[in-house]
Every structure is written in C-alpha cells, then in structure tokens.
Amino acid sequence: MNSFSNNLFYSIKQGILSIKRNSRFSLASIGTMMASLFLFGIFYCVVVNFTYIVKNAETNVGITIFFDAGISKAKIDDIGEKIRARDEVESCTFISADEAWEQFQTDYFGRDKDVLETFGNDNPLEESSSYEVFLADVTKQKELVAYIESLDGVRQVNSSESIAEGLTSFNRLLSYVSGAIMLILMGVSVFLISTTVNMGISVRREEIGIMKLIGATDFFIRAPFIVEGMIIGLIGSVLPLGIVFIMYKKVVAYIISKFTILSDYLVFMKAEDIFLVLVPLSMLIGLGIGFAGSFFTVKKHLKV
Amino acid sequence: MEVNNYKNKLSLDKNKTLIVKELVHNHERGGARPAIVMKNVSKTYKSNSTPAIMNISFRVERGEFVFIVGPSGSGKSTILRLLMKEIEPSQGGIYVDGKDTTKLKRHQIPYLRRKLGVVFQDFRLLKNRNVFDNVAFAQRVIGADTKTIKRRVPSVLSIVGILEKHQKFPRQLSGGEQQRVALARAIVNDPMILLCDEPTGNLDPKNSWEIMALLDEINQKGTTVIVVTHNMDIVNAMHKRVITINKGVLISDQKEGGYRDE
Ligand SMILES: Nc1ncnc2c1ncn2[C@@H]1O[C@H](COP(=O)(O)OP(=O)(O)O)[C@@H](O)[C@H]1O
Ligand SMILES: [Mg+2]
C-alpha cells in the first residue's frame, strides 16, 4: 500500500469517527438532507409522470382536416404531402368518407339498427373525407393549424387547442415551481452541512494546529471533513429514496383504483423506470451537497 | 552486451564525478550542508511597532546541540517559529538543510516541517487520543502504513521511557510524562532537526534533567538539536553551544557557553 491509500483509509475512518463525535449536529444535517431529498424525490416523480401523461395525451390530441366540396383525389394527395413534409407532424392519415361513416355508425348507432336502416346505402358523410394529423410536438400545434388553414382546398381544421396549450403550460409551471423549491432546499442543506463541519473544525482547531506543525498536508487535514460531509449526504439520500419508492407504488395503485374512468389518460410510469434515474441522481446530489458544504468550509479555515 | 557494459561504466563514472564534486563543494564550504542558516533576519509583528528580533545571523551545522537563551520576550520563540515557517521574516534569509525557506510555496511547507521535530512547553498533545495514538498520529500524517507504525511507535516510546503507559490519555499523565510523549512524537519520523521551545518550562528539576538527558541522547545519535530554555543550571552544566538573545538582538554565541542571568 502506498501512502496515498494509507491516508485515504485513515481519512475515511476519521470522517466516520467525527460524525459520531458530533452526533447531534450530524443527525441534524442528515435530517435536513433527508427532508430535501425526500421532497426532491416527490417532485421528481410528479414532474416526470406529468410529462409522461402529457406526452401520452398529446398522442391523443389530433387535428382533423376537411376539404372543399368536390375536391379532386389528386388535390387531396397534394395537401397530404405538404402536411407530411412538416417536421412537427408525426402522422397524417387519410380517412375516406366510407371509413368515416363506418366509424360513425359504430360510435353512435352501435345498438340502434333501425336508425341505420333509414339511411340505406347512402353515405351522409359523403363530403366528409378527412386527414387525421398527430403531432410529434404539441407546442407547435397553433403554427401548424395556421399553415394548414392557408392551404388551397382546405375547408375546415378542427383542433382542441385549449387542451394542448393547457397541458403544456401547466407542465412548464410545475417544473419551474418544483425547481425553485428544490434550489431553496439544497441551499439549506449546504448551509447545515457547512455548519456541522464548522462545529467539528472549531472543536478541532487545536488539533488542526498540531497537525500542521507536524507536517500534515492540507489534503490530509481536509479529507476527514470532506468524507464526513459526503457520508452525511449519502446517508441522507438513501432513506428518502426507500420511502418515496414505497409511497409511489401505493399512491399510483390508489389513484388507478379510484379514477378508473380516467384510465385512458392517467398512465403512470413504472416505479422501476423512475428509480433507475432517481436513485443515482439523488445519491449524486447528496454526495455533491455534502462535498460542497464541507469543502468550502474547511478551505476557509485552512487559510490561516 | 558491450554497449551495456560501456553504459554502466559511463554511469558509474558519472556518479563518481558527482560524488567528488559534492565532496569538494562541501570541503570548500567547510563541511556538510549546514542544518540551519539565518542571515540578517528581522521580524516585526503586524500589531507591533518595534521588531521582535533584529538582524539575527547564525549557522548551525548538522549534528550540533545549541541552546538559545535570553529573558522572556527577547524573541527566542520568534526564531523557532520562523524556522518552522509558522511566520514569515520581515527581512533576511532562512535556510534549512540548504534550502531557502522563504521561497517555499504553501504546499511545500508540510515537507519542510517533516524535517523538523517540535517540542513545546505546553506539550500540545491531542487530548482525545491515548499515548500510542498521539505518537502514531505523527506517522499517519506522513502516510506511514499500519505495520510500520506498530513497529516504530513502541520503539520510540521505550526510548523516552513511557512504553508501559501507552494506553493512557494525556490527562492521566504527569507533566514529565506528557513531555516524554511529545518528545516521542517529535522524533518518531526521524527528523533532521529537533526544535524545543522551553521543553522543561513546566517541569520539576528531576524531570527537567531527564528530558535534557534524552535530548542529549537523541543528539548523540546524529539529530541536530536546538533548545530554547530558561534553565541556567542545566545550560551551565551541559557545556554546549549557547546563543544569547536580548531584546531581539543576538548578543553572544559561545562554543561551550554558560548562561548568566540578567
Ligand atoms: N503573535 C504575536 N503578535 C504580536 N507580537 C508578538 C507575537 N508573538 C510575540 N510577540 C512579541 O514579540 C516579542 C518576542 O516574543 P517571543 O519571541 O515570544 O519571545 P520569547 O520566546 O523570547 O519569550 C515580544 O515582545 C512579544 O510580545
Ligand atoms: Mg517563548
């Protein structure tokens, strides 16, 4: 073993000892850390799911395009090509008058055979062949609708603008609010860890002085404090992850059982998929906050 | 094969010329590289108007034993603190082991201090560690492995005569015993120079003599020893070199000096 790894093991041991020695402040730091990362976990789950639900809803938010009366098939094909050429368009499907009528029949008169018979072989939707367009990016809907309306041969464009816009802006607001709350919480965590480490340093001022006199490097003096901060951060991240995981499964199951009517729209992400990202992310944030909180505190004290 | 032999011979010759060069160099400078050189050093503390020391110059060869004496407040501790680079001189040059310490960068200071063992009047032991760990700590600092520490620490504890108390904490020890621990910590890394600031200042005469005898013994084994002290009896009895400071000025430097009060 070289002197670096000797020092590293020693530093880790000292860092753990120091957490025990200042147990009260360490617990306070771990507590704040847990609170921050617990909320972070919840926000993350909500935001990710909301985005997911919005994405899902977007695929159901389509645009329907009807044509001028007596339009030729070639003209319709031409319009279709122009629409498909747009980047924001995911798909553009032609629905003939016959298909539309069939769909209409099953949707509205499924059980009422008598009404259907009055139409005989006539198709009341003869002039209602259409394109059904789905967007890859729902934020571009307004733009696209304006473009399509300007095309020659287009009679009418139906779109549910309000739903798409509402979903998008709510999603954005949610990310901003949760981002802001997270930033504040992390600031508080950094502050508390820095206070904990500060306590440890004041208690060990004399010790640090002696260490310097016998030739300790700044790294050697600093390392235990940084290890201390990082361990606090790591412990503070693991427990909330567990709690959020269990909560997530319970809450999702509850919502699904209570709101069966909305089951088409309320599609939640699998807990495993969310936590594949959330676990390393939370641990990294915990380690990062612990590192930052102690690194800068010790740096201030070593500058004598 | 032949080429290799030639190369070996060449590097041998090169080594030889290097050694000869160093010998000549040392001879012309009057011996090996001096342990300490202070050249016209002055120090004025920021909060003071008068300098703590003025224009101090002296030179200590390797293996010497030197007392620094003088009344309280004359600047003795200031000299030691300058040597440790705890403070910077206002003027002058300070050389330890031939290197100009005023030119050292911040990150190089720990390596200067590893050449110096330090002992203070107030012992400065770590209160929450036992005797063994206090000494082991100095080895940790330089990155020694546990095996070395387990071998080396008992050995120095037995040199200073405190091995049987290795599990005691500082508060469980007498002043003389604490100073032995501090001395063990100072020598555990085998420093080139041992700096002692009034090491017997808090000790009774018997313990004072024992600590001085230990310092002498350490010096006999080749370590350069600098001792700041007030203890006239010991200085006069030991017949070592004595540097006398008064009001920040070096007033005498005697080869086998004594210490007159006043
Ligand atoms: N940190 C300091 N700040 C200001 N003045 C100091 C400081 N340390 C020592 N002095 C002053 O410098 C002078 C020499 O002090 P010192 O070297 O400690 O003397 P000695 O060790 O011989 O008793 C004294 O006048 C003392 O008051
Ligand atoms: Mg002094």
Side-chain angles (χ1 to χ4, degrees), chain A residues 1-26 196-228 231 295-304, chain B residues 80-81 83-88 96 104-120 122-129 133-150 170 181-197:
Chain A
M1 273 204 293
N2 60 24
S3 72
F4 178 75
S5 59
N6 284 334
N7 277 343
L8 199 67
F9 285 124
Y10 181 76
S11 301
I12 292 172
K13 208 174 126 195
Q14 291 305 309
I16 294 169
L17 280 176
S18 170
I19 290 177
K20 278 200 214 153
R21 263 185 235 129
N22 311 320
S23 54
R24 230 197 271 165
F25 258 84
S26 306
T196 310
V197 170
N198 221 336
M199 281 281 296
I201 290 179
S202 323
V203 170
R204 291 164 67 188
R205 263 230 114 91
E206 198 187 351
E207 191 174 327
I208 290 174
I210 294 170
M211 284 163 96
K212 289 184 111 171
L213 280 183
I214 56 185
T217 56
D218 284 354
F219 172 82
F220 184 87
I221 297 171
R222 187 185 280 165
F225 292 107
I226 291 178
V227 168
E228 179 182 344
I231 290 176
F295 184 86
F296 293 108
T297 313
V298 186
K299 192 171 180 161
K300 199 178 74 199
H301 281 271
L302 282 180
K303 261 192 193 152
V304 185
Chain B
L80 294 193
R81 294 176 67 203
L83 289 171
M84 291 178 241
K85 209 170 160 66
E86 227 188 304
I87 51 175
E88 297 298 315
V96 171
L104 290 180
K105 302 221 168 62
R106 188 186 148 75
H107 69 92
Q108 295 172 309
I109 298 174
Y111 303 96
L112 163 71
R113 293 190 180 149
R114 290 175 193 187
K115 291 182 185 170
L116 313 170
V118 286
V119 175
F120 300 94
D122 56 359
F123 321 129
R124 299 199 194 170
L125 299 174
L126 300 174
K127 294 179 185 67
N128 55 1
R129 282 171 219 238
D133 288 338
N134 260 283
V135 179
F137 187 67
Q139 292 234 283
R140 289 287 177 202
V141 161
I142 63 163
D145 59 72
T146 308
K147 219 170 116 194
T148 310
I149 292 171
K150 283 197 173 136
V181 179
L183 191 53
R185 180 182 67 190
I187 61 171
V188 71
N189 292 333
D190 208 1
M192 192 177 94
I193 304 163
L194 189 55
L195 301 175
C196 311
D197 196 350

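Below, chain A is the first sequence line, B the second, and so on; all start at residue 1.
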If I take atom [atom1] from residue [X] and atom [atom2] from residue [Y], how far apart are they, to the nearest 0.5 angstrom?
X	Y	atom1	atom2	answer
A:I210	B:F123	CD1	CZ	12.5 Å
A:F9	B:D145	CZ	CG	12.5 Å
A:T217	B:Y111	OG1	OH	5.5 Å

Under 3.5 Å donor-acceptor, B:R113 side chain and A:A216 backbone: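 Pair absent, no side-chain N/O of B:R113 close to backbone of A:A216.
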
Side-chain touch B:R114/A:I214, heavy atoms, less than 4.5 angstrom: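 When only atoms from C-beta onward are counted, A:I214 and B:R114 do not touch, as no gap falls below 4.5 Å.
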
Min side-chain heavy-atom separation B:E86-A:L213 under 4.5 Å: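 In short, these two side chains touch, coming nearer than 4.5 Å.
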
Residue part contacting chain A, namely of B:L125, when any heavy atom lies under 4.5 Å: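 Only the backbone of B:L125 comes within 4.5 Å of chain A.
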
B:K127/A:E206 salt bridge by N-O under 4.0 Å criterion: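 Here A:E206 pairs with B:K127 in a salt bridge, since their nearest N and O are under 4.0 Å apart.
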
Electrostatic pair A:E207:B:R124 at N-O distance under 4.0 angstrom: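 Salt bridge: no.
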
A:F220 to B:R140 - nearest heavy-atom pair and separation: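 Shortest heavy-atom contact: CE1-O, 3.4 Å.
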
Among B:A138, B:P110, B:A186, residue most engaged with chain A (heavy-atom pairs, under 4.5 Å):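 The residue among B:A138, B:P110, B:A186 with the greatest pair count is B:P110.
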
